[in-house]
2 protein chains.
Amino acid sequence: MKDHEILERTRTIVIDAIAQNMHLYGITASAGRLYGLLFFSDKPLTLDEMKEALGMSKTSMSVAVRSLLDLNMVEKVWVKGERKDLYAIKDDWYECFFDYFTIKWQTAIAMNSSAMEKSIAKLQKLIAEPETSEEIREQAFIDIKKLEERLDYYDWQNRLIDSFETKEILNFVPIEKKKD
Amino acid sequence: MKDHEILERTRTIVIDAIAQNMHLYGITASAGRLYGLLFFSDKPLTLDEMKEALGMSKTSMSVAVRSLLDLNMVEKVWVKGERKDLYAIKDDWYECFFDYFTIKWQTAIAMNSSAMEKSIAKLQKLIAEPETSEEIREQAFIDIKKLEERLDYYDWQNRLIDSFETKEILNFVPIEKKKD
DNA sequence: TGGTTTGTACAGTTATTTCTGTACGTAAAA
DNA sequence: TTTTACGTACAGAAATAACTGTACAAACCA
C-alpha cells in the first residue's frame with residue numbers, strides 16, 4: 001500500500017519535471033506528461049490507456065501522441081492480435097535529440113536562408129539599376145553584407161546539424177558509460 | 001520613392017521569416033520582429049523608436065526587449081548625452097546560439113536531473129526497507145535503471161553544451177568564411 | 001527642492017492555444 | 001452483409017498568453 005504510493009510518487013516527480021521542460025522541443029506540457037508516462041511504462045499503451053492514466057480526452061491523447069510521433073519521440077508498435085494502435089517511447093534518446101534539430105531547426109534555417117537569398121537577389125537587381133540613387137545603393141550594399149554574414153552563420157548551423165544527423169558529433173562528444 | 005520601397009520590402013521579407021522561426025528560442029513572434037528590426041538598424045534604438053517602428057505599445061516593447069536581453073540576443077548600449085535606454089543586436093550569432101543552450105537547456109537539464117536523482121534516492125531507500133514487497137522492489141530496480149540511463153543521457157547533453165560554452169565545438173565544426 | 005521624463009508593474013482586454021464531446025470515416029468482426 | 005469498435009476532424013468551451021493603457025517609482029534636470 002504505502003510502497004506502491006512511493007513508487008508512484010517518485011514517478012510523478014520525474015514526469016512533472018519532464019513535462020515542464022518539454023517546451024524546449026516545442027511540445028505542449030500535456031504531451032510531455034504523456035511522454036513521461038510512456039517513459040515508465042513497461043509496455044506499449046493504447047489511446048484508451050493513456051486517456052485513463054492521464055484523465056484526459058481521447059482526442060487530446062490522439063493529438064499529443066501525434067506531436068510526439070512527428071518528433072520521432074514515440075513510435076507505433078504492432079502487436080499480434082491487438083486491434084488498437086499501440087505506442088511506445090523511442091528509447092534512443094540521442095537519436096531523438098538529433099532528430100529534433102533535423103526536423104525543426106533545419107526547416108527553420110531553410111526558411112530564413114531562402115528569404116535572405118531572395119532579398120539579396122532583389123537588392124543586387126536594385127543596385128544594378130542605373131536610376132537607383134547613390135544613397136539607396138549604399139544602403140543596399142550594407143543590407144547585402146549583413147545578409148551574407150547571416151547566411152554564413154546558417155551554413156555553420158547546418159553543418160553542425162549535419163554532424164548530428166550523421167552522428168559524427170559522437171566522435172567529438174562521445175557517449176560514455178558512467179561507472180556503476 | 002520606388003527604390004526605398006524595394007529596400008523596405010526586402011527587409012520585411014527577412015524580418016517576417018526571422019519572426020516566424022523565433023519560437024525555436026522560446027521567444028514570441030513580436031520579439032522576433034523586434035530582433036529583425038534591430039538586425040537591420042544601423043544604430044541602437046530606444047523603446048520609443050521601436051514602438052514607432054512596429055506600431056506597438058511601449059509596454060510590449062519593454063517586455064520584448066527584455067526577453068531578448070535574457071537570451072543575450074540584444075544588449076543595452078550606452079551613448080553619451082542620451083537619456084533614454086538604447087538597445088542594439090548582439091552581432092556574434094555564434095555566441096548567441098551557444099548562450100541559448102547554456103541559458104535554457106542547461107537549466108532544464110539540471111531540473112530534470114535533480115528530479116531523477118531525488119527519485120533514485122527514494123527508490124533505493126524503498127529497496128533497503130525490509131518490509132518492502134518483492135514485487136515493488138523489482139519494479140523499483142527497473143525504474144532506477146531507467147533513470148540512470150536517462151541521467152547518462154543528460155550527462156552527455158551537458159558535455160555537448162559545455163563544448164558550446166567553451167567554443168571547443170568550433171574545433172569540430174569550424175566557422176568557414178564563404179568565398180565571395 | 002519641485003517638475004519632467006523614462007521604464008515597468010499591474011489590471012483589464014483581446015487573441016491564441018488547448019482541451020472536450022460529438023460526429024463520422026474506416027476497418028475489423030460477426 | 002450488418003454490426004461494432006477505433007481514431008481523428010471539427011466546432012465550441014475553457015484556459016493561457018499576448019497586448020494595451022494607466023499609474024507609479026526612479027532617475028534626471030532645473
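Remember, predicted model here, so these are calculated numbers, not experimental data. Every chain is numbered from 1, with letters handed out A, B, ... down the list of sequences.
Residue-to-nucleotide contacts include a donor-acceptor pair under 3.5 Å from the side chain of A:Thr59 to the base of C:dG21.
Between A:Ser62 and D:dT8 there is a side-chain polar atom (N or O) within less than 4.0 angstrom of OP1 or OP2. Put simply, A:Lys58 has a side-chain N or O that comes within less than 4.0 Å of OP1 or OP2 on D:dG7. Applying the 4.0 Å criterion to OP1 and OP2 of D:dT20, one finds that B:Ser60 has a side-chain N or O inside that range.
A:Tyr87 places its OH atom 10 Å from the C1' atom of D:dC6, with the value rounded to the nearest Å. To the nearest angstrom, P of C:dG7 lies 5 Å from CG of B:Asp85. Taking atom CE of A:Met61 as the reference point, atom C1' of C:dT18 lies 11 Å away to the nearest angstrom. One can place CG of B:Asp48 at 7 Å from P of C:dT6, the figure rounded to the nearest angstrom. The distance from atom CZ of A:Arg66 to atom C1' of C:dT18 is 15 Å, rounded to the nearest whole Å. Here D:dT16 presents its P atom at 16 Å from NE2 of A:His23, a figure rounded to the nearest Å. Summarising the geometry, the separation between CG on A:Leu47 and P on D:dC6 is reported as 10 Å, rounded to the nearest angstrom. As rounded to whole Å, 16 Å separates atom P of C:dT14 from atom CE of B:Met56.
Contacts between residues 67-84 of chain A and DNA chain D, defined by a heavy-atom separation under 4.0 Å, are made by A:Arg83, A:Lys84. Scanning residues 24-41 of chain A for heavy-atom distances under 4.0 Å to DNA chain D yields an empty list.
With respect to A:Lys167 and A:Glu95, a salt bridge is recorded, a charged nitrogen being found less than 4.0 Å from a carboxylate O. Taking 4.0 Å as the cut-off between side-chain N and carboxylate O, A:Lys125 and A:Glu129 do not count as a salt-bridged pair. Salt bridge present: A:Glu134 and A:Arg137 bring a charged side-chain N and a carboxylate O closer than 4.0 Å. Between A:Arg66 and A:Asp70 there is no salt bridge, since no side-chain nitrogen of the basic residue lies less than 4.0 Å from a carboxylate oxygen of the acidic one. Here A:Arg159 does not pair with A:Glu165 in a salt bridge; the nearest charged N to carboxylate O distance is not below 4.0 Å. Ion pairing between a basic and an acidic side chain is recognised when a charged N comes within 4.0 Å of a carboxylate O; B:Glu117 and B:Lys122 show no such pairing.
Taken from CG in B:Asp143 to CE in B:Met116, the straight-line distance is 11.0 Å, to the nearest 0.5 Å.
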- Run the ring pair (Phe, Tyr, Trp, His ring centres under 6.0 Å) check on A:Phe97 and B:Trp156 step by step: do they pass? CA-CA 11 Å; A:Phe97 180 77; B:Trp156 176 84; 5.6 Å; yes
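Aromatic ring centres of B:Trp105 and A:Tyr25 lie closer together than 6.0 Å.
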